[in-house]
Amino acid sequence: MTTTNKSRRLKTDIELAQEKRSAAMAKLEQGIQSLLDSGRWQQWLTMMSRLKSLSMNRYSWQNCLLVLMQNPDATVVAGYRDWQKAGRQVRKGEKGIAIRAPFTKKTGELDEEGKEKKSTYFNLVTVFDLSQTDGEELPELVSPLHGDDAGLYAALVRVCSKRQIPVFEESMDSRNGYCKFDRKGDRVEKIVISNNLEPLHKAKTLAHELFHALAHKGEDYAQHRELMEIEAESGAFIVLNYFGLDSSDFSIGYVTGWGNGVDAIARLKESATCIQINSDRIINMIEEQRSLVI
């Protein structure tokens, strides 16, 4: 093959990859819009409004950090009585999670307009995670993925191994996986995946955690958790789509939830460059590993 033909073939491959990525992003946006237009999103919002918290991504980053320090698996947290209003009961013996709640108090002084001044203070209050409660099922935005992964999980494990990121599997109740950063938050020391997942969901979860490892810093996670989760899940969606696998049942609801519904598509576009660069990196590393196996 001549140099010209090689260049032409390379250009075609690059263009094909770009088309696949663009199609995946469009599919994700369309899926989010369809979810917003359906009754499922409103049903979920109605239930979450009873819990006040609207899930973890509605808390200040300081409270997110407090929650994660006490319960790394937390997803939806609310007060004892808020859970009761939602038809769920905190199990006896469960240990609460302490967070800071603001309250105001009159100072006894007047401002320039003659109104009494108020100062803001903070109390420690107790909340509980969904996993600590029993009762009525909450509306679900996401569904577990079922089916085969066409060898993608094994290829991702090899990619992680080459980057010196060990991958472990263990039983988890409310979490699909996580990555553990070192003390400085610069690099991921290990990735852990739930062994309760089906192959397709395991592959999607590992792609998600690998995206975190490539694109994010541990020290920034509590403050920018919402954005980082949108980026990692969108990246995983693109990676799976590139290899002919579909994670729509999980990814669309996940991104919509972390993007606060109507803001999700705007957040996707805001992070498009990060998502593109790092999903491409993962795809290229997988292609390399697959070529070595073949």
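Note that the numbering runs from 1 along the sequence shown for the chain. Everything numeric here is computed off the predicted structure, so don't read it as measured data.
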Exercise. Do His208 and Tyr254 have ring centroids that are under 6.0 Å from one another?
Worked result: yes
Problem set entry | Taking every non-hydrogen atom, the tightest pair across Ile282 and Ala207 | CD1-O, 4.0 Å
Problem set entry | Heavy-atom check, side chain of His201 versus side chain of Asn176, under 4.5 Å | yes
Exercise. Can you tell me if CZ on Arg100 sees more than 12 non-hydrogen neighbours from other groups inside 6.0 Å?
Worked result: no
Exercise. If we only count heavy atoms from C-beta on, is the Lys190 to Pro166 side-chain gap below 4.5 Å?
Worked result: yes
For this session: Starting at CD1 of Ile230, measure out to CD of Glu270 and round the result to the nearest 0.5 Å.
Result: 8.5 Å
For this session: Determine whether Lys269 and Glu29 make a side-chain contact, defined as any pair of heavy atoms from C-beta on separated by less than 4.5 Å.
Result: yes
Exercise. Any idea which heavy atoms bring Leu145 and Ser247 closest together, and the distance?
Worked result: CD1-CB, 3.6 Å
Exercise. Got Ser234 and Leu268 here, is their nearest side-chain heavy-atom distance under 4.5 Å?
Worked result: yes
Exercise. How about Glu116: does its CD atom have over 12 heavy atoms from other parts shown lying under 6.0 Å from it?
Worked result: yes
Exercise. In terms of hydrophobic clustering (I, L, V, M, F, W, Y; side-chain heavy atoms under 4.5 Å; direct or indirect links), are Trp258 and Tyr178 co-clustered?
Worked result: no
Problem set entry | Shared hydrophobic cluster, Val142 / Leu197 (ILVMFWY, side-chain heavy atoms < 4.5 Å) | yes
Exercise. In the single-linkage hydrophobic clustering (I, L, V, M, F, W, Y; side-chain heavy atoms under 4.5 Å), do Ile97 and Val125 co-cluster?
Worked result: yes
Exercise. When rounded to the nearest 0.5 angstrom, what distance separates NZ in Lys162 from CD in Gln289?
Worked result: 6.0 Å
Exercise. Ignoring hydrogens and geometry, is there a side-chain-to-backbone donor-acceptor pair from Asp129 to Asn71 under 3.5 Å?
Worked result: no
For this session: Show the numbers, then the answer: is there a side chain to side chain contact (heavy atoms under 4.5 Å, CB included) between Leu200 and His146?
Result: CA-CA 6 Å; Leu200 180 59; His146 303 285; over 6 Å; no
For this session: Assess the side chains of His212 and Glu231: does a donor N or O sit below 3.5 Å from an acceptor N or O?
Result: no
Exercise. Stepwise, does the side-chain hydrogen bond (donor to acceptor under 3.5 Å, both in side chains) test hold for Glu229 with Tyr221?
Worked result: CA-CA 9 Å; Glu229 289 300 328; Tyr221 184 71; 2.4 Å; yes
Problem set entry | Heavy-atom pair with the smallest gap, counting every atom of Ala98 and Leu66 | O-CB, 4.0 Å
For this session: Could you tell me whether the side chain of Tyr153 reaches within less than 4.5 Å of the side chain of Val167, counting heavy atoms only?
Result: yes
Problem set entry | Interatomic distance, Ser161 atom OG to Leu156 atom CG [nearest 0.5 angstrom] | 12.5 Å
Exercise. How would you list all residue pairs meeting ring pair (Phe, Tyr, Trp, His ring centres under 6.0 Å) that involve residues 116-143, not counting sequence neighbours?
Worked result: Phe103-Tyr121
Problem set entry | Separation between CG of Leu214 and CZ of Arg163, rounded to the nearest 0.5 Å | 5.0 Å
Exercise. Taking all atoms of both residues into account, what is the closest heavy-atom pair of Gly79 and Val127, and its distance?
Worked result: N-CG1, 4.0 Å
Problem set entry | Test item: Cys160 and Leu206 side chains (from C-beta on) under 4.5 Å apart, heavy atoms | yes
Exercise. Hey, are Lys202 and Asp149 close enough for a salt bridge, meaning a charged N less than 4.0 Å from a carboxylate O?
Worked result: no
Problem set entry | Polar side-chain atom of Glu198 near backbone of Gly147 as donor-acceptor pair, under 3.5 Å | yes
Problem set entry | Minimal non-hydrogen separation, Phe237 against Ser251, with atom names | CD1-CB, 3.7 Å
Exercise. More than 12 foreign heavy atoms under 6.0 Å from NZ of Lys20: is that the case here?
Worked result: yes
Exercise. Is there side-chain contact between Lys204 and Glu233, with at least one heavy-atom pair below 4.5 Å?
Worked result: yes
Exercise. Within the side chain of Ser279, is there an N or O that forms a donor-acceptor pair under 3.5 Å with the backbone of Gln276?
Worked result: yes
Problem set entry | Expected output: side-chain Arg267 to main-chain Gly259 donor-acceptor under 3.5 Å | no
For this session: Answer yes if Met172 and Ile191 sit in the same cluster of Ile, Leu, Val, Met, Phe, Trp and Tyr residues linked by side chain heavy atoms under 4.5 Å apart, and no otherwise.
Result: no
For this session: Return yes if some donor-acceptor pair links the side-chain N/O of Glu209 with the main-chain N/O of Cys179 below 3.5 Å, else return no.
Result: yes
For this session: Kindly determine whether Lys180 and Val192 satisfy side chain to side chain contact (heavy atoms under 4.5 Å, CB included), including the steps that lead there.
Result: CA-CA 8 Å; Lys180 181 182 179 182; Val192 182; over 6 Å; no
For this session: Look at Lys27 together with Asp246 and state whether they make a salt bridge at an N to O cut-off of under 4.0 Å.
Result: yes
Exercise. Can any side-chain N or O of Gln89 pair as donor or acceptor with the backbone N or O of Gly135 at less than 3.5 Å?
Worked result: no
For this session: Test Phe168 against Ile193 for side chain to side chain contact (heavy atoms under 4.5 Å, CB included), laying out the working first.
Result: CA-CA 6 Å; Phe168 301 95; Ile193 304 297; over 6 Å; no
Exercise. Going through the distances and angles, do Phe211 and Val239 end up as a side chain to side chain contact (heavy atoms under 4.5 Å, CB included)?
Worked result: CA-CA 10 Å; Phe211 191 103; Val239 170; over 6 Å; no
Exercise. Will you find, in the side chains of Asn284 and Arg281, an N or O donor that is under 3.5 Å from an N or O acceptor?
Worked result: no
Exercise. Are the side chain of Trp83 and the backbone N or O of Ala78 linked by a donor-acceptor pair below 3.5 Å?
Worked result: yes
For this session: Return yes if some donor-acceptor pair links the side-chain N/O of Asp182 with the main-chain N/O of Gly185 below 3.5 Å, else return no.
Result: yes
Problem set entry | Donor + acceptor pair across side chains of Glu287, Tyr242 (<3.5 Å) | yes
Exercise. Which distance, rounded to the nearest 0.5 Å, do you find between the CG of Leu28 and the CD1 of Ile32?
Worked result: 4.5 Å
For this session: Look at the side-chain heavy atoms of Ile, Leu, Val, Met, Phe, Trp and Tyr, link any pair under 4.5 Å apart, and say whether Ile275 and Phe243 land in one connected group.
Result: yes
Problem set entry | Distance in Å, Asn195 CG paired with Glu170 CD, rounded so as to fall on 0.5 Å steps | 8.0 Å
